[in-house]
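Have a look at the structure below, then the notes.
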Amino acid sequence: MEEGEQQVRRQIQTPATMERDGEQAVDEGEAAAPSGSTSRSTKHTSRIAIQKVTEVIAALSDYKRFLVEEIGFEGVLRIPMIQKINLKFSKFLMTKVDVKEHCIILRDGGTPITFYPEDFHKVFGIPCGQRDIHGKDVDITSEAIEFIRNSIGWTEKSDRSLSSLEVFIGKEINELSSRLEKDSFKMAFVVFVMGSLFAPCTKHDHSTIYYWGAIKDAENISLFNWCKYSFNFLLEAVCKLKLETDANITPNHLSGCHLFFQVNPSKSQLDRPNSLK
DNA sequence: ACTAGCCTATTTCACAGCCT
DNA sequence: AGGCTGTGAAATAGGCTAGT
């Protein structure tokens, strides 16, 4: 195995070590970023705001954590504080992804490191339900969109900001709160983590509503396959990056939850549920 | 008009190297 | 050893533009 590959394999971690090592794990990527990655002084950008996510989570009360567990996002509660993500390393890994085969091949002839949508569940602990977020049964009306907007505190028509969601999530919720308030919290939390981590929009402090059909009924949020949605979003980002690279355009923005590639998904092959194989 | 994507400027932070 | 400084990378913020 070449040294560069060994470095990358050292860098890539298991979900368990992600929680244990937290910040150090990703920071070490700087040293691990192989010489094969771009050495030009291109400034990379990403809308992943894992610091924001962990800050918001750290401020959640026990009852709010209980509500998060109810919608199946309990793994998000255990995401460690990561000060900085090595974007160069993320970019390097993204360029090594074989989208069709769902694997990372670090060098020609090297051992493929395969990954699957359900690895998002193992890494980040988000729901991997049976229902497809883009399925036929998740159509959403404009009235429902308006209802959700009002519920999560987007009262201004132009407001689709993650920062206002942050404020909304911080509002007091407890056992005595109404059902509507609790459901609104759940919806706001999902929109916040999707927009901040799993499916970040390319625009700063902005969220898309493509998946809102899956949150319109807070009770059913955990029944949807958020892993597949995040996975596909990430693969689209990889395709885009590869197209830009092939066209000799130096990509400077990384979409999708590229942090996923820095955490070892390959270990999950050992214990994938049979139903998902 | 609105939304989403792209681009760039500024701020913040970490770290290496130098000096005392 | 500890403090200071310069540099580079990441985070943040906002403007511009193209598409619908």
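So you know, we letter chains A, B, ... as the sequences are listed, proteins then strands, and number each from 1.
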Between [atom2] of [N] and [atom1] of [X], the distance in whole Å:
{"X": "A:I50", "N": "C:dA10", "atom1": "CD1", "atom2": "P", "result": "15 Å"}
{"X": "A:H258", "N": "C:dA10", "atom1": "NE2", "atom2": "C1'", "result": "11 Å"}
{"X": "A:E55", "N": "B:dT12", "atom1": "CD", "atom2": "C1'", "result": "13 Å"}
{"X": "A:Y210", "N": "C:dT20", "atom1": "OH", "atom2": "P", "result": "11 Å"}
{"X": "A:R47", "N": "C:dA10", "atom1": "CZ", "atom2": "C1'", "result": "12 Å"}
{"X": "A:I48", "N": "C:dA10", "atom1": "CD1", "atom2": "C1'", "result": "13 Å"}
{"X": "A:R149", "N": "B:dC2", "atom1": "CZ", "atom2": "P", "result": "11 Å"}
{"X": "A:K203", "N": "C:dG14", "atom1": "NZ", "atom2": "P", "result": "10 Å"}

Sequence-distant partners of A:S164, side chain to side chain contact (heavy atoms under 4.5 Å, CB included), two or more places apart: A:W154, A:D159, A:S161
Full working for ring pair (Phe, Tyr, Trp, His ring centres under 6.0 Å) between A:F66 and A:Y63: CA-CA 5 Å; A:F66 167 71; A:Y63 188 70; 5.7 Å; yes
Nucleotide nearest A:H206 (side chain, heavy atoms from C-beta), chosen from B:dT3, B:dC7, C:dA11: B:dT3
Selected nucleotide, minimal atom distance to A:I85 side chain, candidates B:dC7, B:dA4, C:dA11: C:dA11
A:F120-A:F260 aromatic ring centre distance below 6.0 Å: yes
A:R160 vs B:dC2: side-chain N/O to OP1/OP2 distance below 4.0 Å: no
Pairs where residues 200-219 of chain A contributes a residue and the test salt bridge (charged side-chain N to carboxylate O under 4.0 Å, His left out) is met, not counting sequence neighbours: A:R179-A:E219
